[in-house]
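Presented below is the structure to which this report refers.
We count residues from 1, following the sequence as given. Keep in mind that the numbers below use all heavy atoms, side chains included, and drop hydrogens, waters and symmetry copies.
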Amino acid sequence: MSASSLADAAAATPVSRIGLGLAAVGRPGYINLGRERDLPADRSVDAMRRRSHELLDAAYAAGVRYLDAARSYGLAEEFLADWLRARPDAAREVVIGSKWGYTYVADWRMDADAHEVKDHSVATYDRQRSETRALLGDHLNLYQIHSVTPESPALTDPALHARLASLAAEGVTVGISTSGPAQADAIRAALEVEADGRPLFRTVQSTYNLLEPSAGRALEEAHAAGRTVIVKEAMANGRLAGAEALRQAASQTGATPDAIALAAVLRHPWVTVALSGAATLPQLTSNLSATGVPLPPLPDLAEPPETYWRTRSSLPWS
């Protein structure tokens, strides 16, 4: 897959501008708010596999064509691989993205002291690329470095860049995801990275929402430079679901607060795909309705980036 293939898939229908991310259902614990309500008390591997497959079935039936996982999302890649094997019809049509650079270490426990460990070294890439290949095989279209920040060695390591260039030569698109208050700096640095005289990173996945829009200008620049832009955390890990301004807007339009939040992202032409992080079928249905929501005027809800990311880091795993 080329970066343009994802853009083509996203342009097929309005709904295909929304992708499904598996962060919330690939493991028993995550930081999204309301998980005690959204997920059953039984969060066994089999229970989470069933929930993942229900969401994947519904998303595909509704027209979603981009599916996003990561090595650190517990068993998300395994769940996705199982679904692809059971749905060869869908496997031929969807675009599959995953990420490397965080290792899941919680051992399927919600009370673990640590849930993931970050490392952007060549050794971690080699290990996780092998793990991803074993599960997703030729279905993998896009491999992203997980949560790049300006100081990440992934932006400057020539040995890693050579590995990634080899992956790109195999036909897998190479991209980055970003996190933290300096996302814009990381995006701009990534745009300058080349291998063999050509841009190395063809896609950028970043947090962008009504509370944290600071990466917007850099994402617009990335789009103008020919990169595919994927937006994650459009709901700010559930924080926007309870925002009074969105509740009022929802009452005016007959939409839901989450649809308003996603519509506020999708209004930007530089957004190729915005991810739904739904954990339930009603959430998914509501998220997908964002493509038809008339967006009313909204107040400025933006927080200083440092405040936003400090709040995000304090959200409990549940």
[atom1] of [X] to [atom2] of [Y]: how many Å apart, nearest 0.5 Å?
X: Leu135; Y: Ser130; atom1: CG; atom2: OG; result: 9.5 Å
X: Asp300; Y: Leu210; atom1: CG; atom2: CG; result: 9.0 Å
X: Gln205; Y: Thr228; atom1: CD; atom2: OG1; result: 11.5 Å
X: Gln144; Y: Ser177; atom1: CD; atom2: OG; result: 6.5 Å
X: Ile187; Y: Thr178; atom1: CD1; atom2: OG1; result: 4.5 Å

- Item | Tyr73 ring center within less than 6.0 Å of His146 ring center |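 Distance test on ring centres: under 6.0 Å, yes.
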
- Results of side-chain hydrogen bond (donor to acceptor under 3.5 Å, both in side chains) for Glu220 - residues two or more places apart only: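 Per chain and number, Glu220 pairs via side-chain hydrogen bond (donor to acceptor under 3.5 Å, both in side chains) with no residue.
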
- Task: Output all residues satisfying side-chain hydrogen bond (donor to acceptor under 3.5 Å, both in side chains) with Glu212, sequence neighbours left out; order by chain, then residue number.
- Result: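 Glu212: side-chain hydrogen bond (donor to acceptor under 3.5 Å, both in side chains) contacts with Ser214, Trp309.
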
Between [X] and [Y] (salt bridge meaning N to carboxylate O under 4.0 Å), is one present in this structure?
X: Arg127; Y: Glu131; result: yes
X: Glu116; Y: Arg71; result: no
X: Arg109; Y: Asp111; result: yes
X: Arg49; Y: Glu78; result: yes

- Check: Val293 and Ile260 side chains under 4.5 Å, non-hydrogen atoms: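 Ile260 reaches Val293 side chain to side chain.
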
- Message: In the structure I gave you, are the side-chain heavy atoms of Met48 and His53 within less than 4.5 Å of one another anywhere?
- Response: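 The answer is no, as the side chains (C-beta and beyond) never meet within the 4.5 Å cut-off.
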
Short side-chain donor-acceptor distance under 3.5 Å, [Y] and [X]:
X: Ser286; Y: Asp258; value: yes
X: Asp46; Y: Ser44; value: no
X: Tyr143; Y: Thr132; value: yes
X: Asn209; Y: Glu233; value: no

- Could you list all the side chain to side chain donor-acceptor pair (under 3.5 Å) pairs where at least one residue sits in residues 264-273, not counting sequence neighbours?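 Counting only pairs at least two positions apart or across chains, the side chain to side chain donor-acceptor pair (under 3.5 Å) contacts touching residues 264-273 are Tyr208-His268.
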
Taking [X] for the side chain and [Y] for the main chain, is one N or O donor matched with an acceptor at less than 3.5 Å?
X: Lys118; Y: Ser147; value: yes
X: Ser52; Y: Val25; value: yes
X: Arg27; Y: Ser72; value: yes

- Message: If the condition is side chain to side chain contact (heavy atoms under 4.5 Å, CB included), which residues does Ala195 pass it with, not counting sequence neighbours?
- Response: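 Partners of Ala195 under the side chain to side chain contact (heavy atoms under 4.5 Å, CB included) test: Ala165, Leu200.
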
- Treating Ile, Leu, Val, Met, Phe, Trp and Tyr as nodes and any side-chain heavy-atom pair under 4.5 angstrom as an edge, say whether Leu315 and Leu275 lie in one connected cluster.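 Result: no, two separate clusters.
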
- Query: Which other residues end up in the same hydrophobic cluster as Val117, if Ile, Leu, Val, Met, Phe, Trp and Tyr are linked when side-chain heavy atoms come under 4.5 Å apart?
  - Reply: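 Hydrophobic cluster check, Val117: joined to Val105.
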
- Message: Restricting to ring-ring contact (aromatic ring centres under 6.0 Å, His included), what partner residues turn up for Tyr30, sequence neighbours left out?
- Response: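 Here the qualifying residues are Trp317.
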
